[in-house]
Amino acid sequence: MAKHWADFQYEIYLNGMTGAVPRLPTDLTRLEELTEQRLGPGPVGYVAGGAGDGSTARANRAALERRRIVPRMLRNVHERDLSVEVLGRALPAPLALAPVGVLSIMHPDAESAAARAAAAQGVPFVLSSASSTPMEQVAEAMGDAERWFQLYWPKDPEVARSFLGRAKAAGFTVLVVTLDTPLLSWRPRDLDQAYLPFLRGVGTANYFSDPAFRAGLAKPVHEDPDAAVMHFVGMFADPAKTWPDLAFLRENWDGPIVLKGVLHPDDARLAADAGMDGVVVSNHGGRQVAGAIAAADALPRVAQAVGDRLTVLFDSGVRTGDDVFKALALGARAVLLGRPYVYGLGLDGQAGVEHVIRCLLAELDLTLALSGHAGPSTVGPADLVEGTA
Ligand SMILES: Cc1cc2nc3c(=O)[nH]c(=O)nc-3n(C[C@H](O)[C@H](O)[C@H](O)COP(=O)(O)O)c2cc1C
Ligand SMILES: O=C(O)C(=O)c1ccccc1
């Protein structure tokens, strides 16, 4: 676990004094291009790509960049503390790693490397249902860190029950249920490169290792892998689900449940009415609904509607420490980091993910301090204006 959060910027400055150039850039917006140079256009196209022409992913960035911080002076920011409480858990910083499937397209150590990096930095790692490594194996890599599991809610209730039972048995305590992907969207960048990793069986580890999933196959996976993949595609999510179905999750999960992919304040109210514990305001990084509202534009409306009833988390477009600051100011309790850690993984495995987390938190710490805040709790709407940039 990391030391004192405010030490991060100090350590980086110190490396600068020794003349040692960091292995990866400290401007995390540069990682995509470097990863593409290293790994090629297929995998990076998949990670970077969005729905349709990519306009939602661009809107996510624009909505964060348009908001500008108005720093305050002379507020004694000498002693700082980034810690926050999220869902009854004390986190060292308002940050977790977002669930990202198919990580083995980035690095052979995939989810285990990302989980170890998160654990080393004390940040929760949300394990995707579509991971390339079975959940039990990733749980081991997590050590005594917080274990959060993301559910793609399978069509077959036996598989859903089996996943929840396995996740519980493997020590996962927080359930993040993704609602925005009952189907995968139209993603021209992947279609045009014929790069759809799950069609080659990547991201199916939890399914292929699941007894309830395998019971639905005519032949064992190794005898007919194509049929197994098609079975996965047809059942990994369920477009027929409606709000009353959430009772199933409550019956089958003991800990906090967070609904990911909420953009409308009325959906957030429905989540609260259904006894959920939190929402992630997210448009899946612009990967699902082309033309959707930017996540940062949805955030204040959702926070206003349910901020007193639910834990409001945020993702989609976070690239820098000041983006985290802005999300806090717009009403998020914490953010999930997506693509930047995926590129860190692709470029330098576990060390690359740790680099990304440390840069982001160093920058957040400095942004807080230089804006007049000793920690996340005092940040609010008054810290921002809407500019034109
Ligand atoms: C390659 C890739 C795979 C993803 N897989 C999942 C997934 O399996 N489950 C999920 O809930 N979200 C998934 N997401 C969405 C992320 O959890 C998160 O919402 C998104 O990356 C945030 O946008 P950003 O990366 O632009 O910040 C995926 C995102 C990417 C880029
Ligand atoms: O690509 C994605 O955004 C995603 O969520 C996903 C869904 C199924 C399998 C792998 C990734």
Side-chain angles (χ1 to χ4, degrees), residues 1-5 7-8 11 24 28 31 47 82-87 89-104 106-150 167 170-176 178 205-206 255-256 258 260 280 282 285 313-315 318-319 321 323-324 327 332-365:
M1 233 289 277
K3 322 118 263 223
H4 198 271
W5 288 109
D7 280 350
F8 284 118
E11 277 195 21
L24 296 179
L28 303 178
L31 298 180
V47 173
L82 300 195
S83 65
V84 286
E85 195 191 307
V86 175
L87 301 163
R89 284 139 176 83
L91 301 189
L95 181 71
L97 299 191
V100 171
V102 303
L103 283 180
S104 65
M106 286 283 113
H107 194 278
D109 298 339
E111 291 81 11
S112 299
R116 275 194 295 272
Q121 298 300 324
V123 166
F125 174 69
V126 189
L127 178 67
S128 167
S129 275
S131 63
S132 5
T133 318
M135 62 178 102
E136 292 80 5
Q137 208 174 311
V138 184
E140 260 178 51
M142 287 172 153
D144 50 16
E146 279 278 325
R147 299 179 189 181
W148 296 25
F149 182 71
Q150 176 265 328
F172 291 89
T173 57
V174 175
L175 185 67
V176 177
T178 302
N206 285 323
V258 177
K260 176 170 181 280
V280 185
S282 165
L313 306 176
F314 172 80
D315 77 28
V318 173
R319 300 290 176 270
D323 291 336
V324 181
R333 168 62 58 142
V335 307
L336 308 186
L337 184 67
R339 291 178 176 100
Y341 91 80
V342 179
Y343 299 133
L345 178 71
L347 289 165
D348 203 13
Q350 178 183 341
V353 179
E354 288 198 50
H355 169 82
V356 167
I357 296 170
R358 297 177 80 181
C359 284
L360 193 83
L361 292 181
E363 204 178 13
L364 171 62
D365 175 54

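In this structure, CG on Leu364 lies 6.5 Å from CG on Leu361, to the nearest 0.5 angstrom. To the nearest 0.5 Å, atoms CG (Asp109) and OG1 (Thr133) are separated by 9.0 Å.
Residues passing the salt bridge (Lys or Arg N to Asp or Glu O under 4.0 Å) test with Asp323 are Arg61, sequence neighbours excluded. Applying the ring-ring contact (aromatic ring centres under 6.0 Å, His included) criterion to Phe172, with sequence neighbours excluded, gives Phe149. Scanning for side chain to side chain contact (heavy atoms under 4.5 Å, CB included) contacts around Ala332 gives Leu299, Phe314, Ala327, with sequence neighbours left out.
Leu313 places a side-chain heavy atom less than 4.5 Å from the side chain of Val86. Looking at Leu95 and Val335, their side chains come closer than 4.5 Å, going by heavy atoms from C-beta outward. Under the 4.5 Å side-chain criterion, counting only non-hydrogen atoms from C-beta, Arg89 is not in contact with Pro124. Leu97 has its side chain within reach of Ile357: a pair of non-hydrogen atoms, C-beta onward, lies under 4.5 Å apart. Val47 is listed as a side-chain neighbour of Met106, based on a closest heavy-atom distance under 4.5 Å. Within the 4.5 Å cutoff, no side-chain heavy atoms of His355 are placed close to those of Leu347. Put simply, the side chain of Leu127 does not reach to within 4.5 Å of the side chain of Arg147, judged on heavy atoms.
Judged by distance alone, the side chain of Arg339 and the main-chain N or O of Gly285 form a donor-acceptor pair under 3.5 Å. Judged by distance alone, with hydrogens and angles left aside, the side-chain atoms of Ser132 form a donor-acceptor pair with the main-chain N or O of Leu103 at under 3.5 Å. With hydrogens and angles disregarded, no donor-acceptor distance shorter than 3.5 Å links the side chain of Arg319 to the backbone of Pro340.
Among all heavy-atom pairs drawn from Ala115 and Val138, the shortest one is CB-CG1, 3.9 Å. Between Leu345 and Ala114, the closest heavy-atom pair is CD1-N, 4.3 Å. In plain terms, the two heavy atoms of Glu354 and Gln121 that are nearest each other are OE1-NE2, 2.7 Å. For the residue pair Gly321 and Glu363, the shortest heavy atom distance occurs at N-OE1, 3.0 Å. The heavy-atom pair separating Ala170 from Ala139 by the smallest distance is O-CB, 3.5 Å.
For the side chain to side chain contact (heavy atoms under 4.5 Å, CB included) with Tyr341, the lone residue among Val353, Leu336, Leu31, Leu28 that qualifies is Val353.
If you check the side chains of Ser131 and Glu111, you find no donor sitting under 3.5 Å from an acceptor. Side-chain contact annotation: Ser282 with Asp315, donor-acceptor N/O pair under 3.5 Å present.
Within 6.0 Å of CD in Glu140 there are 12 or fewer heavy atoms belonging to other residues, nucleotides or ligands. Within 6.0 Å of atom CZ in Arg116, more than 12 heavy atoms from other residues, nucleotides or ligands are found, so the atom counts as buried in its surroundings.
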